[in-house]
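Have a look at the structure below before the remarks.
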Amino acid sequence: MRILAIETSCDETAVAVIEGHDERSITLLSSVISSQVELHAQYGGVVPQLASREHVRNIRHVFESALEKAGVKDFEKEIDAMVVTYGPGLGPALLIGITFAKTLAWKYRKPLVPVNHMDGHIHSNWLEPEQPLIDVFPSLNVVVSGGHTELVLMLDHEAYEMLGETHDDAVGEAFDKAARLLGLGYPGGPAISKLATKGDPTKYALPRPMLQAPNYDFSYSGLKTAVLYLIRDLGYAGKEIPDQIKADIAASFQEAAIDVIVQKAKRAAQDRGVRTIMLSGGVSANTLLRERLRSLSEQLGIRYACPKMVYTTDNAAMIAAAGYFKYLKDMKSSWDWSSVSMHPNLALPQC
Ligand code: KG4
Ligand code: ZN
């Protein structure tokens, strides 16, 4: 079956078409993304109303381009179902994709499956995987983005158990804030990880918040503050920081931020006896995190999955994949477009 998915939860307008064959394989027919990152960079973060306005401007073109790239000539005959992100995300941004999807679903009388954005990130692992993802459950999902830092047990598609999450900032947010303190651009994650390759990760001892806490939770606001104090104590508050010191701070920050995730993931994977460790979310683009979790999985003798680099950032292909499995699980549902509405604070479906 062919599925068309729409994603507008943040600053990327994205449409994708996939072909679902069976439980095991998905073929990606097209994935088109129009990014607004340059527009928001000048404000140091995403401005919801601007994101919404850009989605309105871009969505029709992105939609038509996705159909063309997938070779779809007759929407009504060739598309079997639609999928749309309905949360979590920025309300004004989500609304554009949802309204566009509902209009199409109404016009062409297609089922419309609402998908959780984080469920989408998790399903980026099903797009062109290194090895087919068969017999992977239960898996420990490390879900890390600009808004989320979660350890989630995945028992099946659409069946999650939240093990732990951040009490304050998300890890991606901490990367963005630390980058701002170092005078690097937005988004900060890619800038910090690039600079960190030139720095010494052992140069500055930064805190590992909540590492010893007997749970799977995180806290990143203290780490950001520690970077602020370090810059002040080194005498560079409000001044230009020399390049090597900047690189050493970036590397030390990254080491601390990732160390906590890996150690807590290790504890959770052992406690819950999982078969797989699975990484997802925008921060899954971080090479150090990818490598550390790969070695952890090898050390524990379990499987490892991380999304291909191109699918780590927001895209509609991952939303389509999540929607496909949701549809397979509940084919009896009518998936009526009129019951789809936005949920900016939506949590993963718990079992
Ligand atoms: O999932 P995503 O695209 O958007 C949200 O749903 O938040 O994640 C974006 C986040 C940003 O905070 C960005 O700085 C972070 O992912 N990020 C990274 C890297 N690439 C993106 N963080 C660390 N290292 C990276 N290489
Ligand atoms: Zn995202």
Side-chain angles (χ1 to χ4, degrees), residues 5-14 16 33-37 40-41 44-46 48 51 85-91 93-94 97 115-125 141-150 165-166 169-182 184-197 199 201 218 220-221 223-224 227 250-251 253-262 279-293 306-319 321-322 344-348:
I6 296 170
E7 151 68 39
T8 64
S9 68
C10 194
D11 58 347
E12 256 101 31
T13 317
I33 304 167
S34 169
S35 174
Q36 308 168 9
V37 72
H40 298 285
V46 181
T85 306
Y86 73 123
L90 306 168
L94 283 165
V115 156
N116 179 307
H117 180 77
M118 302 318 291
D119 194 25
H121 271 299
I122 286 168
H123 282 86
S124 59
N125 280 289
N141 287 57
V142 179
V143 186
V144 279
S145 74
H148 294 76
T149 309
E150 295 172 349
E165 59 192 317
T166 181
D169 291 354
V171 62
E173 193 179 352
F175 269 88
D176 294 335
K177 288 179 176 171
R180 206 173 303 155
L181 293 171
L182 292 172
L184 307 171
Y186 173 85
I192 289 216
S193 54
K194 191 170 166 215
L195 190 59
T197 57
F218 302 91
Y220 278 103
S221 66
L223 181 56
K224 166 206 70 194
V227 172
F253 165 84
Q254 178 175 252
E255 184 65 35
I258 281 171
D259 189 30
V260 186
I261 297 175
V262 175
L279 177 63
S280 60
V283 183
S284 69
N286 186 282
T287 312
L288 186 71
L289 180 59
R290 293 166 80 93
E291 285 168 4
R292 290 274 169 89
L293 288 178
C306 65
K308 276 178 92 169
M309 238 8 173
V310 284
Y311 303 124
T312 57
T313 44
D314 288 351
N315 63 81
M318 66 186 196
I319 304 299
N345 299 315
L346 187 68
L348 278 171

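Start at 1 with the first residue, then count along the sequence. Order of listing sets the numbers, starting from 1, for every ligand and every atom in it.
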So, Glu7 versus Ser9: side-chain donor-acceptor pair below 3.5 Å or not? yes
Residue portion contacting ligand 1 (non-hydrogen atoms closer than 4.0 Å) for Asp176: side chain
Taken by chain and residue number, the protein N/O/S atoms under 2.8 Å from the Zn ion (ligand 2) read His117 NE2, His121 NE2, Asp314 OD1
So, do Leu348 and Ile122 sit near enough that their side-chain heavy atoms are less than 4.5 Å apart? yes
Excluding sequence neighbours, so at least two apart, what forms salt bridge (charged side-chain N to carboxylate O under 4.0 Å, His left out) with Arg292? Glu255
Should Pro190 be listed as contacting ligand 1, given a heavy-atom distance under 4.0 Å as the test? yes
Distance under 4.0 Å to a non-hydrogen atom of Gly147: what atoms of ligand 1 satisfy this? 7 (O)
Any Ile319 side-chain heavy atom under 4.5 Å of Asp314 side chain: no
Test of proximity, Gly281 against ligand 1: N or O pairs below 3.5 Å: no
Look only at interatomic distance and state if Gly282 has a nitrogen or oxygen under 3.5 Å from any nitrogen or oxygen of ligand 1. yes
If I apply the N/O under 3.5 Å rule, does Thr312 come out as touching ligand 1? no
Among all protein heavy atoms, pick the one closest to atom 24 (N) of ligand 1 and tell me residue, atom and distance. Asn286 ND2, 3.0 Å
Checking side-chain contact (heavy atoms from CB on, under 4.5 Å) for the pair Val37/Val46: CA distance, chi angles, key distance, verdict? CA-CA 8 Å; Val37 72; Val46 181; over 6 Å; no
At less than 4.0 angstrom from any non-hydrogen atom of His117, what atoms of ligand 1 do you find? 6 (O)
Could you pull out all residues at least two apart from Asn141 that satisfy side chain to side chain donor-acceptor pair (under 3.5 Å)? Ser139
Could you identify the single nearest non-hydrogen protein atom to atom 15 (C) of ligand 1 and state the distance to 0.1 Å? Val283 CG2, 3.8 Å
Glu165-His148 side chain donor-acceptor pair, cut-off 3.5 Å: no
Could you point out which residue of Thr197, Asn286, Asp259 forms a side-chain hydrogen bond (donor to acceptor under 3.5 Å, both in side chains) with Gln254? Asn286
Please state whether the rings of Tyr220 and Phe218 are parallel, tilted or perpendicular, taking 30° and 60° as the class boundaries. parallel
Do the side chains of Thr85 and Thr8 get nearer than 4.5 Å, heavy atoms only? no
Taking distance alone, with no angle check, do Pro187 and ligand 1 share an N/O pair under 3.5 Å? no
Got the closest protein heavy atom to atom 9 (C) of ligand 1, with its distance? Gly146 N, 3.9 Å
May I ask you to identify, for Ser193, whether its side chain, its backbone, both or neither come under 4.0 Å of ligand 1 on a heavy-atom basis? side chain
Listed by chain and number, what are the salt bridge (charged side-chain N to carboxylate O under 4.0 Å, His left out) partners of Lys194, not counting sequence neighbours? none
Looking at ligand 1, does any of its N/O atoms fall within less than 3.5 Å of an N/O of His121? yes
Out of all atoms in ligand 1, which are within 4.0 Å of some heavy atom of Ala285? Include the element for each. 20 (N), 26 (N)
Ranked by distance from atom 3 (O) of ligand 1, the top protein heavy atom is Asp314 OD1, 3.4 Å
Considering only non-hydrogen protein atoms, determine which one is nearest to atom 18 (C) of ligand 1 and report residue, atom name and distance to 0.1 Å. Gly189 CA, 3.5 Å
I need the Cys10 SG to His117 NE2 distance, nearest 0.5 Å. 7.0 Å
Is any side-chain heavy atom of Thr166 closer than 4.5 Å to a side-chain heavy atom of Glu173? no
Would you give the length of the straight line joining atom CG of Asp176 to atom NZ of Lys224, rounded to the nearest 0.5 angstrom? 11.5 Å
